[in-house]
Protein chains: 2
Amino acid sequence: MTTDKTSSRPKVSTEERIRAAAHQEFVAHGFAGARIERIVKRAKTNPRMIYHHFGGKSGLYLAVLEGSLSGLREREMLVDFAHEPPIAGLLKLFDFLNEHFRRTPDLVRLLTNENIERARHMKESQVIGKMSSPVLEQIGVLLNRGEKAGCIRPGIDPLVLYVQLVALTQFHISNMHTLSTIFAIDISSEEWRDKHKEATRAMILAYLENDSAPSNEHLC
Amino acid sequence: MTTDKTSSRPKVSTEERIRAAAHQEFVAHGFAGARIERIVKRAKTNPRMIYHHFGGKSGLYLAVLEGSLSGLREREMLVDFAHEPPIAGLLKLFDFLNEHFRRTPDLVRLLTNENIERARHMKESQVIGKMSSPVLEQIGVLLNRGEKAGCIRPGIDPLVLYVQLVALTQFHISNMHTLSTIFAIDISSEEWRDKHKEATRAMILAYLENDSAPSNEHLC
DNA sequence: CGGTTTAGTAAGTAAATGTTTACTTTTTGA
DNA sequence: TCAAAAAGTAAACATTTACTTACTAAACCG
């Protein structure tokens with residue numbers, strides 16, 4: 001049952017089982033809070049194998065982090081923004097990010113933890129530095145096109161916009177627990193997220209659009 | 001030199017030294033990563049005193065968290081938004097939050113860590129639940145006034161707006177390390193933050209203002 | 001086959017870590 | 001003044017924790 005047709009080893013390799021178990025553990029407790037013992041128990045193996053395959057706790061953590069980040073990059077590549085009209089393309093990017101973080105809270109938690117650790121693991125990675133986001137260039141292209149066509153507010157910096165978009169799509173997920181506790185509501189509910197999404201979409205649209213007639217002063 | 005005029009005890013009480021040392025430690029490493037040994041060494045005392053004054057590591061952590069949060073609430077009370085014109089008042093709130101998180105990254109890190117721990121400590125607190133933000137009501141008042149006067153977009157939810165504001169003012173600080181690493185820039189520099197602040201201010205303003213003539217469709 | 005490499009197991013180790021015990025010193029208040 | 005309470009010290013305790021050693025089984029390949 002647990003064996004391959006040609007071998008007596010389990011179908012899923014020990015390395016993969018460790019990776020999956022570690023993913024769960026690091027997502028649930030962060031690096032410092034993660035326990036080797038729980039990982040090996042869930043992966044049905046023993047500590048020795050972690051050191052055999054990954055070199056140690058840090059190596060395992062890095063493998064998990066790299067895997068999750070490359071997952072985001074791969075999905076980003078699959079979506080085509082650049083062939084849309086500028087504003088529609090940027091809103092499509094917003095929708096994509098919102099959907100991705102909503103569906104992949106694991107990545108959000110890993111990133112959150114990595115900031116607690118001041119990105120010390122990420123800095124060690126040989127891989128992460130090289131997979132720079134392809135989205136930044138696409139944002140630049142769309143902003144340029146829209147600016148020249150006169151429909152997009154001039155002077156927007158692609159990286160600043162990207163950080164704003166990620167903030168607006170990620171913050172309420174990474175801070176879900178404290179926000180829900182402090183304000184005594186369930187911020188993770190579908191209704192709340194839908195409401196938040198619509199409001200945020202409107203905010204971004206209002207910002208991008210070029211009010212070629214700038215309001216001299218606020219009315220009140 | 002280290003004694004009070006009437007006693008041979010240190011000027012600053014052991015309890016306060018522990019609290020200060022623990023604050024630094026929890027900010028630097030989070031709850032799971034914090035070490036009792038480092039705290040007592042910095043506070044120039046011994047483990048026994050932590051259990052004497054705070055009951056244990058968890059109690060100490062909670063004391064630090066409660067202190068930081070009540071600091072934010074106190075400062076929020078000092079700023080008067082409600083007597084400003086609606087849009088000016090909301091922008092003043094944005095400026096306040098932006099400045100507060102910029103100046104108090106400690107609080108941001110404690111909150112980040114608390115989310116890693118799924119707010120389990122915060123939920124135990126008898127204090128935090130009771131000090132609900134006074135800002136929410138003030139936002140509601142401003143939105144109402146502005147909406148009735150016709151200068152503010154109708155239908156904005158106060159809590160959604162507050163979460164958006166905090167997202168835009170806190171995210172780039174809490175995620176400073178991963179963002180800086182991935183995009184190979186120093187996101188904590190004054191220049192970058194100023195640029196980000198201006199862009200974000202414009203975004204919020206554009207969102208709040210009531211475009212009484214809504215664009216039928218984006219121009220492009 | 002047969003020898004080498006890779007994958008895996010069981011048990012253990014040394015160090016770290018939160019916590020407590022036993023005891024001393026200082027402060028306080030009747 | 002003096003006993004009781006509060007504040008503080010030193011040392012150790014019981015686990016936990018990341019990691020290793022010694023050994024076995026399976027896979028690979030000429």
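Because the structure is a prediction, the values reported are computed rather than measured. Naming convention: chains lettered A, B, ... in sequence-line order (proteins, then strands); numbering from 1 in each chain.
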For DNA chain C, which residues of residues 115-127 of chain B approach it to below 4.0 angstrom with any heavy atom? none

Could you tell me whether the phosphate oxygens of C:dT6, OP1 or OP2, come under 4.0 Å of any side-chain nitrogen or oxygen in A:His53? no

Would you please classify the geometry between the A:Tyr162 ring and the B:Phe183 ring as parallel, tilted or perpendicular, with 30° and 60° separating the classes? perpendicular

Contact class for A:His52 vs. all strands (heavy atom < 4.0 Å): base, sugar-phosphate, or nothing? base

Result for side-chain contact (heavy atoms from CB on, under 4.5 Å) between B:Leu97 and one of B:Leu165, B:Val79, B:Val135, B:Leu168 points to B:Leu165

With a 4.0 Å cut-off, would you call [X] and [Y] a salt bridge?
| X | Y | result |
| --- | --- | --- |
| B:Glu198 | B:Arg201 | no |
| A:Asp95 | A:Lys197 | yes |
| B:Arg19 | B:Glu16 | yes |

Check whether A:Glu114 reaches the backbone of A:His121 with its side chain - one donor and one acceptor, N or O, closer than 3.5 Å. yes

Sequence-aligned protein contact record of nucleotides 9-21 of chain D, with B where the base is within under 4.0 Å of a protein heavy atom and S where only the sugar-phosphate is: BB------SSBBB

Protein-nucleotide distance (A:Glu16, atom CD; C:dG8, atom C1'), rounded to Å: 17 Å

Can you name the residues that form a side chain to side chain contact (heavy atoms under 4.5 Å, CB included) with A:Ala32, not counting sequence neighbours? A:Glu117, B:Ala32

Could you please spell out the steps behind the ring pair (Phe, Tyr, Trp, His ring centres under 6.0 Å) verdict for A:Tyr61 and A:Phe26? CA-CA 7 Å; A:Tyr61 175 82; A:Phe26 287 127; 5.0 Å; yes

